[in-house]
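Data first, discussion second: the structure below is written as structure tokens.
Quick note: residue numbers are just sequence positions, from 1.
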Amino acid sequence: MSWRYVFVTNPCRITYTNNNIVVQTFEDSNYLNLDELNTIVIDTPEAVITSRALVELSKKHVCIMFNDEKMLPSAMVNDSFGKAFSPKRIQTQINWPQERKEKLWTKIVGQKIINQIQTVRMFGADSRPLEKHLSCLEYNDETNQEAVVASLYFSQVFSQNFTRDNNAFDINGALNYGYTVLLNRITTELSKHGILSQLGIHHHSVLNRYNLSSDLIEPWRFVIDNYVLSMEDVEMTPLNKARIVDRLNHEIKFNGKRQIVSNALNVYVENCLRYLDGDTTKFEFEVEQVEEPNHENARNV
């Protein structure tokens, strides 16, 4: 099933009526059925949203992302008080067996590196240095191959002097924007299951509210990387940002089946939680690109 991603760029008033979110501009009113919404990105400081609309969007687990004056992600609203939250559920999360957390992290790192190798090959670069480190991956990634490969990966697909923390590279803005969209989607899905995103299985920063989301996002970064690498212009225009958000509505192959990214992420998060909770003894996932990365659904907004 395809879900709607709404990108608000014009001054408007956002309200709720009869299971619809109404986006009212100077010209007209757009009615958006709550049951069909996945994400709303508010990319203008001149949008007003009512508390009723926020409450109803939260009830339906719709992601809401607000951009700042530079039109970059600034705040996210998730269903932080969903019915799934309970002391018992949180205690179960706290008591996840260390062995399961380490096994899952090993699998996550392995799949991330595999996807990075596929991206390097897709864009005609040499993947052999990454393949060498994949073969060196140990249990719980004790030798930190994830970080080593990440450094090699970006130098292979971008340039030898490229660094992720250098804002002089315009492409970092597009990557950061896309990763935030993915992080928001995963965080919202975790909240639906009553899970605290602050408690990670590998990331444990006291400054990171999204440690667990930061763990689970790793194998999915390629969805953004592949598209950003194919962009002729990485300037963060409204249309380019809408297209990046729309990557969640594109097809990939997940565990051998073609699905849109958003639906696959939902299944992936649920499977991760079932494994950590001890509801299943095996955890397998494979993801790969099937659509051309430059295939577009989004139109001018």
- Could you please spell out the steps behind the side-chain contact (heavy atoms from CB on, under 4.5 Å) verdict for Leu248 and Ile260? CA-CA 7 Å; Leu248 293 179; Ile260 66 170; over 6 Å; no
- Message: Quick check for you: to the nearest 0.5 Å, what is the distance between Ile90 atom CD1 and Leu199 atom CG?
- Response: 8.5 Å
- Message: For a 4.5 angstrom cut-off between non-hydrogen side-chain atoms, does Lys112 reach Glu146?
- Response: yes
- Item | Check: Glu286 main-chain N/O paired with Asn255 side-chain donor or acceptor under 3.5 Å | yes
- Query: Are Lys107 and Glu284 within salt-bridge range, i.e. N to O under 4.0 Å?
  - Reply: yes
- Message: Looking at every heavy atom in both Gln116 and Ala150, which two are closest together, and how far apart are they?
- Response: NE2-CA, 4.1 Å
- Item | Electrostatic pair Asp277-Arg89, nearest N-O below 4.0 angstrom | yes
- How far apart are the closest heavy atoms of Val234 and Asn240, and which atoms are they? C-ND2, 4.4 Å
- Task: Dump the intermediate steps for side-chain contact (heavy atoms from CB on, under 4.5 Å) on Leu212 and Gln198, then the final yes or no.
- Result: CA-CA 6 Å; Leu212 185 54; Gln198 293 92 333; over 6 Å; no
- Query: Which atom names give the shortest non-hydrogen contact between Ile64 and Ile42, and what distance separates them?
  - Reply: CG2-CD1, 4.5 Å
- Task: Without swapping roles, check the side chain of Asn140 against the backbone of Glu142 for a donor-acceptor pair under 3.5 Å.
- Result: no
- Do Asn184 and Thr39 meet the criterion of a side-chain donor-acceptor pair at a distance under 3.5 Å? no
- Message: Between Glu131 and Arg121, does any NZ, NE, NH1 or NH2 come within less than 4.0 Å of an OD or OE carboxylate oxygen?
- Response: yes
- Query: Ignoring hydrogens and geometry, is there a side-chain-to-backbone donor-acceptor pair from Ser197 to Arg209 under 3.5 Å?
  - Reply: yes
- Side chains of Thr237 and Glu235: do they bring a donor and an acceptor to under 3.5 Å? no
- Backbone of Tyr210 reached by a side-chain donor or acceptor of Ser214 within 3.5 Å: yes
- Item | Side chain Asn20, main chain Asn18, donor-acceptor under 3.5 Å | yes
- Item | Short side-chain to backbone donor-acceptor contact, Asn226 and Val223, under 3.5 Å | no
- Any ion pair linking Lys60 and Glu56 (charged N to carboxylate O, less than 4.0 Å)? no
- Message: Using a 3.5 Å distance criterion without hydrogens, assess whether the side chain of Thr92 forms a donor-acceptor pair with backbone atoms of Lys88.
- Response: yes
- Task: Measure from the side-chain N and O atoms of Asn95 to the backbone N and O of Gln91, and report whether any donor-acceptor pair falls under 3.5 Å.
- Result: yes
- Task: Check whether the side chains of Thr187 and Ser213 place a donor and an acceptor atom closer than 3.5 Å, and report yes or no.
- Result: yes
- For residues Pro11 and Phe26, report the shortest heavy-atom separation together with the two atoms involved. CB-CE1, 4.2 Å
- Does a donor on one side chain and an acceptor on the other come within less than 3.5 Å for Asp215 and His203? yes
- Query: Cationic tip of Arg100 within the cone over Tyr275's six-membered ring, i.e. under 6.0 Å and within 45° of the normal?
  - Reply: yes
- Are Lys103 and Glu99 within salt-bridge range, i.e. N to O under 4.0 Å? yes
- Item | Partners meeting ring-ring contact (aromatic ring centres under 6.0 Å, His included) with His133 (sequence neighbours left out) | none
- Note on the structure: Closest non-hydrogen atoms of Thr106 and Asp141, given as atom of the first, atom of the second and distance, are OG1-N, 4.2 Å
- Query: So Phe254 and Trp220, would you call those rings parallel, tilted or perpendicular, with 30° and 60° as cut-offs?
  - Reply: tilted
- Return yes if some donor-acceptor pair links the side-chain N/O of Asn211 with the main-chain N/O of Ser205 below 3.5 Å, else return no. yes
- Query: Honestly curious: do Met122 and Met231 fall in one hydrophobic cluster under the side-chain, below-4.5 Å linking rule?
  - Reply: yes
- Specify the closest pair of heavy atoms between Ala53 and Tyr16, including all atoms of both residues, with the distance to one decimal. CA-CB, 4.0 Å
- How long is the gap from OG on Ser135 to CG on Leu130, to the nearest 0.5 Å? 11.0 Å
- Sorted by chain and number, sequence neighbours left out, ring-ring contact (aromatic ring centres under 6.0 Å, His included) with Tyr179 holds for none
- Query: Looking only at side chains, do Asn115 and Arg221 share a donor and an acceptor under 3.5 Å apart?
  - Reply: no
- Give the C-alpha distance, both sets of side-chain angles, the deciding distance and a yes or no for side-chain contact (heavy atoms from CB on, under 4.5 Å) between Asn30 and Val6. CA-CA 11 Å; Asn30 298 281; Val6 178; over 6 Å; no
- Task: Please determine, by modelled atom types, if Glu102 and Tyr139 share a side-chain donor-acceptor pair under 3.5 angstrom.
- Result: yes
- Query: Who passes ring-ring contact (aromatic ring centres under 6.0 Å, His included) against Tyr31, sequence neighbours left out?
  - Reply: none
- Query: When you measure from the side chain of Glu189 to the backbone N and O of Glu270, does any donor-acceptor pair fall under 3.5 Å?
  - Reply: no
